[in-house]
Amino acid sequence: MNVISKRTLVKFYEEHAQAKTALEVWHSDTRKAVWKTPDDIKRVYASASFLKDNRVVFNIKGNDYRLIVHIDYLRKIVRVKFIGTHAQYDKVPII
């Protein structure tokens, strides 16, 4: 999968150093993945939550952080939409 944008992840873990390893692993694993359906994601990330419009919420670093992405399965693109703490995530309008 092509991940857009790693810069968002880097900016986040520059401020939250404890998230760096987990985000780097997620990014590396996602780049190697070929997700065609949500089931493909669930096989690897059992705790992933699926929202409407092909958005997925990943729990990062033992659920310390939340990562929201939009996935274009056909084009194999994963767009990072949000990365933050639970407090920040709780303020994101997900409807």
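These numbers were taken from a predicted model, which means no experiment stands behind them. Count residues from 1 along the sequence.
- Between the side chain of D40 and the main chain of T37, a donor-acceptor pair closer than 3.5 Å is present.
- Taking K42 as the reference, F50 meet the side-chain contact (heavy atoms from CB on, under 4.5 Å) condition, with sequence neighbours excluded.
- Judged by distance alone, the side chain of D53 and the main-chain N or O of R55 form no donor-acceptor pair under 3.5 Å.
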Note to self: Let's go through T8 and F82 carefully: what are the C-alpha distance in whole Å and the side-chain angles of both, what is the deciding distance for side-chain contact (heavy atoms from CB on, under 4.5 Å) to 0.1 Å, and is it a yes or a no?
What the structure shows: CA-CA 8 Å; T8 302; F82 168 85; over 6 Å; no

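- Using a 30° and 60° split on the angle between ring planes, H16 and Y65 fall in the perpendicular class, above 60°.
- Applying the side-chain contact (heavy atoms from CB on, under 4.5 Å) test between T30 and each of I71, V80, V3 identifies V3 as the sole match.
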Margin query: Go through it in stages, so that I can follow the logic: the residues are V57 and L51, the test is side-chain contact (heavy atoms from CB on, under 4.5 Å), and I'd like the CA-CA distance, side-chain angles, deciding distance and then a yes or no.
Written below: CA-CA 8 Å; V57 180; L51 308 173; 3.7 Å; yes

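- If you take CZ on R79 and CG on N54, they are separated by 11.0 Å, rounding to the nearest 0.5 Å.
- The cluster map of Ile, Leu, Val, Met, Phe, Trp and Tyr, joined by side-chain heavy atoms under 4.5 Å apart, puts I4 and V56 in different clusters.
- Note that CD1 of I83 is 11.5 Å distant from OH of Y13, once rounded to the nearest 0.5 Å.
- Hydrophobic clustering (ILVMFWY, side-chain heavy atoms < 4.5 Å, transitive): I68 and V44 are in distinct clusters.
- The distance from atom CG of L67 to atom CD1 of I60, rounded to the nearest 0.5 Å, is 5.0 Å.
- The minimum heavy-atom distance between W35 and I41, with the atom names listed, is CD2-CG1, 3.4 Å.
- Judged by distance alone, the side chain of S28 and the main-chain N or O of E24 form no donor-acceptor pair under 3.5 Å.
- Summarising the geometry of I77 relative to M1, their closest heavy-atom pair is N-CE, 4.0 Å, with the distance given to 0.1 Å.
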Next item on the list: Could you walk me through whether K81 and V69 pass the side-chain contact (heavy atoms from CB on, under 4.5 Å) test, one step at a time?
Entry: CA-CA 5 Å; K81 295 296 193 178; V69 302; 5.7 Å; no

Checklist line | Working for side-chain contact (heavy atoms from CB on, under 4.5 Å), residues F58 and R66 | finding: CA-CA 6 Å; F58 292 94; R66 295 279 176 95; over 6 Å; no

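- Legend: residues meeting side-chain hydrogen bond (donor to acceptor under 3.5 Å, both in side chains) with K36, ordered by chain and number and at least two apart, are absent.
- When each of R75, K76, R31 is checked for a side-chain contact (heavy atoms from CB on, under 4.5 Å) with N2, only R31 meets the rule.
- Ion pairing between a basic and an acidic side chain is recognised when a charged N comes within 4.0 Å of a carboxylate O; K20 and E15 show no such pairing.
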